[in-house]
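Computation of the quantities below employed the complete heavy-atom set of this structure, encompassing side-chain atoms and omitting hydrogens, waters and symmetry-equivalent molecules.
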Amino acid sequence: MKRVYSMCLTALLALSLLAAPALAADQTGEQIIRFEDGSYVVITEENNQMMTLSSKGTDITPPGKRYTFYNILGQKCFSYILFASFTYTGTTSWVKSYDYKVEIYRTGWSLENHFEYVSGGTAYGTATFKEPSGKTRTAELTLSCDKNGNIS
């Protein structure tokens, strides 16, 4: 009887580990997204920069966001980075400028296309990468600033 109970408890523990969320964050603000095939993405902040003041409101260039893809072997394949600077006034915010950067780490990977745009106080970026097998992976990032200068 104890053996059956032990086996059931072990099975429940194994199932609970499989049901763990695919999205995790650690205390450094790092976000990890795991895919069914064993590959994963790490999203982090990129390049801390200073705040400056202007006569039309407060300008801020926050850290950018970096989307780094790792294959099923844990090898870093590519990074897509979105940068934006914002102006906020206490009643509204808007994107002043935005840019992107791509880094390829593994042979055979390539950037297929990318698209960056803004809407109000948010910068959006999407990039599609082609892996050696021909399969594509899409990276998507956003950087937002609210009317009080809070970045997300």
Side-chain angles (χ1 to χ4, degrees), residues 7-52 54 57-88 92-152:
M7 289 173 65
C8 288
L9 188 58
T10 302
L12 274 173
L13 179 61
L15 285 174
S16 69
L17 291 174
L18 289 174
L23 188 60
D26 72 11
Q27 295 165 347
T28 63
E30 188 175 85
Q31 182 182 19
I32 300 172
I33 303 168
R34 299 192 182 279
F35 300 108
E36 288 182 15
D37 67 358
S39 62
Y40 62 98
V41 167
V42 178
I43 299 174
T44 55
E45 289 186 352
E46 177 72 10
N47 289 341
N48 291 323
Q49 297 181 6
M50 301 289 290
M51 245 172 52
T52 59
S54 77
T58 303
D59 293 345
I60 184 171
T61 303
K65 283 188 181 175
R66 176 185 286 264
Y67 179 110
T68 303
F69 178 83
Y70 294 82
N71 65 17
I72 62 173
L73 300 175
Q75 299 166 326
K76 190 186 312 187
C77 298
F78 68 83
S79 286
Y80 173 65
I81 307 135
L82 180 66
F83 299 98
S85 62
F86 302 89
T87 298
Y88 66 96
T92 190
S93 68
W94 61 92
V95 177
K96 279 183 54 176
S97 64
Y98 61 95
D99 202 358
Y100 80 100
K101 181 178 178 183
V102 168
E103 296 172 350
I104 304 288
Y105 304 107
R106 307 275 319 153
T107 302
W109 283 84
S110 62
L111 175 66
E112 289 293 293
N113 58 59
H114 66 92
F115 181 64
E116 294 77 31
Y117 67 98
V118 299
S119 178
T122 303
Y124 300 89
T126 301
T128 303
F129 295 84
K130 190 175 195 177
E131 63 182 71
S133 69
K135 184 177 179 179
T136 58
R137 302 282 182 162
T138 301
E140 295 180 338
L141 292 172
T142 60
L143 277 171
S144 297
C145 180
D146 70 13
K147 66 181 183 176
N148 299 312
N150 299 309
I151 304 297
S152 59

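A cation-pi arrangement is absent between Lys147 and Tyr88 under the rule of less than 6.0 angstrom and at most 45 degrees off the ring axis.
A donor-acceptor pair shorter than 3.5 Å can be found between the side chains of Arg66 and Ser79. Judged purely by distance below 3.5 Å, without hydrogens or angles, the side chains of Ser85 and Ser97 pair a donor atom with an acceptor atom.
Distance check: Asn148 CG to Thr92 OG1 gives 11.0 Å after rounding to the nearest 0.5 Å. With rounding to the nearest 0.5 angstrom, the CZ atom of Arg137 is 5.0 Å from the CD atom of Glu131. Taken to the nearest 0.5 Å, the CG atom of Leu111 stands 8.0 Å off from the OG1 atom of Thr128. Separating the CG atom in Leu141 from the CZ atom in Phe83 is a distance of 10.5 Å, to the nearest 0.5 Å. Taking CD1 from Ile151 and CG from Asp146, the interatomic distance works out to 7.5 Å, rounded to the nearest 0.5 Å. Between the CD atom in Glu30 and the OG1 atom in Thr68 there is a gap of 9.0 Å [rounded to 0.5 Å].
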Report the C-alpha separation of Ile72 and Phe35 in whole Å, then their side-chain angles, then the decisive distance to 0.1 Å, and conclude whether the side chain to side chain contact (heavy atoms under 4.5 Å, CB included) test is met.
CA-CA 9 Å; Ile72 62 173; Phe35 300 108; over 6 Å; no
CA sep, side-chain torsions, deciding dist, call: Thr138, Glu112, side chain to side chain contact (heavy atoms under 4.5 Å, CB included):
CA-CA 10 Å; Thr138 301; Glu112 289 293 293; over 6 Å; no
Between Tyr124 and Ser119, is the side chain to side chain contact (heavy atoms under 4.5 Å, CB included) condition met? List the steps.
CA-CA 8 Å; Tyr124 300 89; Ser119 178; 3.9 Å; yes
Walk me through it: do Tyr70 and Val42 pass the test side chain to side chain contact (heavy atoms under 4.5 Å, CB included)?
CA-CA 8 Å; Tyr70 294 82; Val42 178; 3.7 Å; yes
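Residues Val102 and Phe129 are in side-chain contact: their nearest non-hydrogen atoms beyond the backbone lie under 4.5 Å apart. Lys76 has its side chain out of reach of Arg106: every pair of non-hydrogen atoms, C-beta onward, lies at least 4.5 Å apart. A heavy-atom distance below 4.5 Å is found between the side chains of Cys77 and Trp109. Within the 4.5 Å cutoff, the side chain of Phe86 has heavy atoms near those of the Leu143 side chain.
Residues Ile32 and Tyr40 share a closest heavy-atom pair of CG2-CD1, 4.3 Å. Here the closest heavy-atom approach between residue Val95 and residue Ala123 is recorded as CG2-N, 3.9 Å. Between Thr142 and Lys65 the shortest heavy-atom distance is O-NZ, 3.0 Å. Nearest approach of Lys135 to Asp37, heavy atoms of both residues: NZ-OD2, 4.0 Å.
No option in Phe78, Tyr80, Tyr105 other than Phe78 meets the ring pair (Phe, Tyr, Trp, His ring centres under 6.0 Å) test with Phe69.
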